[in-house]
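Only one structure is covered here, and it is reproduced in the block below.
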Amino acid sequence: MQKRGYIGALIDAGCVPLPIPPGPPDRIRVLYEFCDGLLLAGGKDVDPRAYGRSPVTVYEDECQPDLDQLEFTLVGWAREDRLPLLGICRGAQVLNVALGGTLWQDLTLQAGLAGHGGDGADPSPGHDVRIESGSRLLGIAGRRHVYVNSIHHQAIRELGKGLRVSARAPDGVVEAIESTGDWFAVAVQWHPEEMLAGAGHAAALFAALAGVCVPAQARAASSARVPAV
Ligand SMILES: [Mn+2]
């Protein structure tokens, strides 16, 4: 979590934000054990080599492979523990890649898909998204069509294992994904933390995460297995 927006949104939803800085997995695990849920925030591009592709754009120097690995580890733990997860922008991409999916490295290189901003020179005014029926996201947002901001030049390409598309932009770009199973893992390509003043569906995402978080002590008490550190 790098921006005040995420922290403020979590506090407003009744959470106690606990930033997890990069570090060795054993130390990260100590912090993870305190968590009742996980927010994967926006940030730099995922290193394309993490999903078996060579970098095709100038954004390679924007990558942060150590952060990628940390967040892949966190996703793996969260999936195993069914720890609730909300992914935002890069966080949605991290969730997808951690589960074996791939990304469009640069939407501006794809015909008809350039209108999502995020390249620093051409900010997008935003766009509509259509939320898929039967999705968790529809239950959270409460309606099929919402208007969102758009500050990304990458997007979900091939889905990771156990994920489904839960919203698309009018041009077909995947704008939200979520777990198909009983794990609350919901991720959006837009930035709800920057939309809290104007859109009820933005605050609803953070409220949904807070609502499904089970206190860590109760989770430990209900489980016969203590995760190994
Ligand atoms: Mn977009």
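Read the numbers this way: they start at 1 and go in the same order the structure lists the ligands and their atoms.
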* To do: Scan side-chain atoms only and decide if H116 and S150 contain a donor-acceptor pair under the 3.5 Å cut-off.
  => yes
* Give a rough value, rounded to 10 degrees, for the angle at the Mn ion (ligand 1) between atoms NE2 of H152 and OE2 of E175. => 100°
* Asked: Is it the case that R29 places NZ or CZ above or below the six-membered ring of W77, under 6.0 angstrom from the centre and within 45 degrees of the axis?
  -> yes
* Describe, in one word, how the ring planes of Y6 and H191 are oriented to each other, choosing from parallel (under 30°), tilted (30 to 60°) and perpendicular (over 60°). => tilted
* To do: Search all heavy atoms of L137 against all heavy atoms of A176 and return the closest pair with its distance.
  => CD2-CB, 3.5 Å
* Any N/O/S atom of S150 sitting less than 2.8 Å from the Mn ion (ligand 1), backbone or side chain? -> yes
* Asked: Looking from the Mn ion (ligand 1), what is the angle between NE2 on H127 and ND1 on H116, to the nearest 10°?
  -> 90°
